[in-house]
2 protein chains.
Amino acid sequence: MPTSRSYRDACGIARALDVVGERWALLVIRELLLGPQRFSDLRLALPNASSNVLADRLRELEGNGVLHRRKLSPPAASSVYELTESGRELEPIVLALGEWGVRVALPTTPTTLSATSVLLFLRASARPDPEGATSVCRFELNDRAWTVRTEAGQVHVQAGEPLEPDVSLRTDPETLNALLEDPGKLDVVVSDGSVTVAGDCSALRRLLATVEDRASAR
Amino acid sequence: MPTSRSYRDACGIARALDVVGERWALLVIRELLLGPQRFSDLRLALPNASSNVLADRLRELEGNGVLHRRKLSPPAASSVYELTESGRELEPIVLALGEWGVRVALPTTPTTLSATSVLLFLRASARPDPEGATSVCRFELNDRAWTVRTEAGQVHVQAGEPLEPDVSLRTDPETLNALLEDPGKLDVVVSDGSVTVAGDCSALRRLLATVEDRASAR
DNA sequence: CCGCATCCGTTTCGATACTG
DNA sequence: CAGTATCGAAACGGATGCGG
């Protein structure tokens with residue numbers, strides 16, 4: 001059963017926390033920032049959240065208009081969760097919280113790292129040449145495909161297969177994150193098999209080369 | 001005893017929530033945004049938080065370097081909690097969360113409203129004339145004094161007595177909030193005794209007149 | 001297999017009482 | 001005033017079940 005406690009405080013901050021302040025809520029929202037996800041995708045991305053809590057949070061967030069459950073078109077019988085307009089308005093706040101979080105102490109315990117987390121970081125810190133050519137990279141992380149498009153000085157990331165990728169890269173979030181910190185490792189991780197690259201490798205190198213602020217993993 | 005659970009997720013967002021994601025943590029930070037507060041001030045501002053949880057949060061936030069316990073100078077035997085540099089960096093995030101929160105559904109249950117909440121809203125939405133004269137208002141809310149200084153198009157708010165107030169206003173947070181929504185009520189609330197004004201009333205009227213975005217209480 | 005629901009031990013929270 | 005102690009209620013975390 002969903003949580004129904006409230007701070008009973010008229011302040012907007014408290015009202016926001018009534019909606020997105022329960023455990024895991026903002027991480028669910030993080031996972032949806034790059035596009036709709038199924039229940040099982042969320043479970044994979046947030047393996048430390050138990051399924052009942054995840055189901056509770058999704059119900060509550062849907063009830064509060066932050067996200068929305070949508071049936072996929074007939075072929076697929078499943079449904080996905082996607083942010084509403086209201087939910088998308090949390091994006092700058094969640095990203096700012098992340099920037100603050102990377103500055104506080106690193107955790108000592110072993111951690112997970114979701115594909116979305118790394119891709120959000122990539123999108124936020126890559127600064128492609130505004131004059132540079134458009135390029136399309138396909139990222140396959142944990143058996144799910146993502147489209148990373150570089151154009152006009154911006155990086156666009158979305159879930160799903162690209163139509164005409166210049167290059168395809170298959171790895172896991174941790175390795176990709178290591179690559180963002182140090183693109184020089186590309187040859188090493190390719191040769192040890194933790195990354196597979198197919199296509200125009202130079203497009204990938206160009207993208208990696210534009211990532212700023214290398215100090216911080218997220 | 002303080003909580004010690006973690007999301008065990010390397011993402012900066014999750015790491016931030018490990019620090020400020022526990023219940024009441026961000027509201028404690030809200031209360032400290034305008035300056036140091038004693039334990040009893042925080043209790044008064046967050047009456048729905050029980051004292052043991054408040055003590056736990058303060059210990060955890062201090063341990064994580066978000067705030068700091070400081071002994072007051074000799075005359076006063078008590079101590080105060082104040083944000084560290086790291087804690088102050090949360091200010092734009094917390095305020096943005098508040099702006100989001102006022103746009104989501106209003107609560108149905110009766111609520112509290114702290115002085116800090118209303119003063120943060122005042123500071124954020126007042127747009128005094130950049131060419132206008134400096135004025136100093138003294139606000140007394142729940143028997144605590146605040147200094148609200150208007151100068152160079154900005155409003156500065158801090159806890160404590162002003163040196164030379166142009167005007168002094170005594171009321172409660174709810175009534176002040178109502179005044180921010182509709183300054184026209186000033187005469188009414190003064191005559192019914194819920195607000196007491198002393199000094200140059202026009203300085204107060206000028207301040208109230210510059211509050212934008214009247215739709216939203218916080 | 002997916003999308004949860006149920007069960008159950010543990011942790012946290014909330015309310016109140018109590019102490020230096 | 002500034003917390004601590006106690007205790008029942010709620011939420012969480014982990015495992016397992018189950019219908020579609």
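Quick note on labels: first sequence line is chain A, next is B, and so on, each numbered from 1.
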Check: So, B/Glu82 and B/Arg69, do they make that salt bridge, N to O below 4.0 Å?
Finding: no
Next item on the list: Name every residue in residues 17-29 of chain B that has at least one heavy atom under 4.0 Å from any atom of DNA chain D, in order of residue number, or write none if there are no such residues.
Entry: none
Notebook entry, point to check: So which of residues 38-50 of chain B are in contact with DNA chain C, with a heavy-atom cut-off of under 4.0 Å?
Noted result: B/Asn48, B/Ser50
Check: How many angstroms lie between atom CZ of A/Arg57 and atom CG of A/Leu27, to the nearest 0.5 angstrom?
Finding: 11.5 Å
Item checked: Covered region of DNA chain C, 5' end to 3' end, by chain B [heavy atoms, under 4.0 Å] -> C/dT12 to C/dA17
Check: Which atom pair, heavy atoms only, marks the closest approach of A/Val118 to A/Pro173?
Finding: CG2-O, 3.6 Å
Next item on the list: Using heavy atoms to find the nearest nucleotide of DNA chain D for B/Arg8 and A/Pro2 separately, return the residue whose nucleotide is more 5′.
Entry: A/Pro2
Notebook entry, point to check: Taking NZ, NE, NH1 and NH2 as the nitrogens, is one of them in B/Asp41 or B/Arg38 under 4.0 Å from a carboxylate oxygen of the other?
Noted result: yes
Note to self: If the threshold is 4.0 Å, N to carboxylate O, is there a salt bridge linking B/Glu91 and B/Arg88?
What the structure shows: no
Note to self: Quick one, B/Arg103 and A/Ser86 - any side-chain contact, counting heavy atoms below 4.5 Å?
What the structure shows: no
Notebook entry, point to check: Between which nucleotides of DNA chain D, read 5' to 3', does contact with chain A run, using atoms under 4.0 Å from its heavy atoms?
Noted result: D/dA11 to D/dA15
Notebook entry, point to check: Would you say A/Val211 and A/Leu180 make side-chain contact, with heavy atoms under 4.5 Å?
Noted result: yes
Checklist line | Non-hydrogen side-chain atoms of B/Val197 and B/Val195 separated by less than 4.5 Å | finding: yes
Note to self: Heavy atoms only, 4.0 Å cut-off, all strands: where does A/Ser51 land among base, sugar-phosphate and nothing?
What the structure shows: base
Note to self: What verdict does the side chain to side chain donor-acceptor pair (under 3.5 Å) test give for A/Glu31 and A/Ser114, after you've listed the backbone C-alpha separation in whole Å, the side-chain angles of each residue and the deciding distance to 0.1 Å?
What the structure shows: CA-CA 8 Å; A/Glu31 285 305 310; A/Ser114 81; 2.6 Å; yes
Margin query: Let me spell it out: for each of A/Arg5 and B/Tyr81, pick the nucleotide of DNA chain D with the closest heavy atom. Which residue's pick is nearer the 5' end?
Written below: B/Tyr81
Note to self: Has B/Asp166 got a side-chain atom pairing as donor or acceptor with B/Val136's backbone, closer than 3.5 angstrom?
What the structure shows: yes
Next item on the list: With sequence neighbours excluded, tell me which residues meet ring-ring contact (aromatic ring centres under 6.0 Å, His included) with B/Tyr7.
Entry: A/Trp24
Checklist line | 4.5 Å side-chain heavy-atom contact, B/Leu113 and B/Asn177 | finding: yes
Note to self: How long is the straight-line distance from CG of A/Leu122 back to OG of A/Ser117, given to the nearest 0.5 Å?
What the structure shows: 12.5 Å
Note to self: So if I take residues 52-69 of chain B and measure heavy-atom distances to DNA chain D, which residues fall below 4.0 Å?
What the structure shows: B/Asn52, B/Ala55, B/Arg59, B/Arg69
Check: So, B/Thr147 and B/Gln158: side-chain donor and acceptor under 3.5 Å apart, yes or no?
Finding: no
Check: Does B/Arg30 pair with A/Asp9 as a salt bridge, N-O distance under 4.0 Å?
Finding: yes
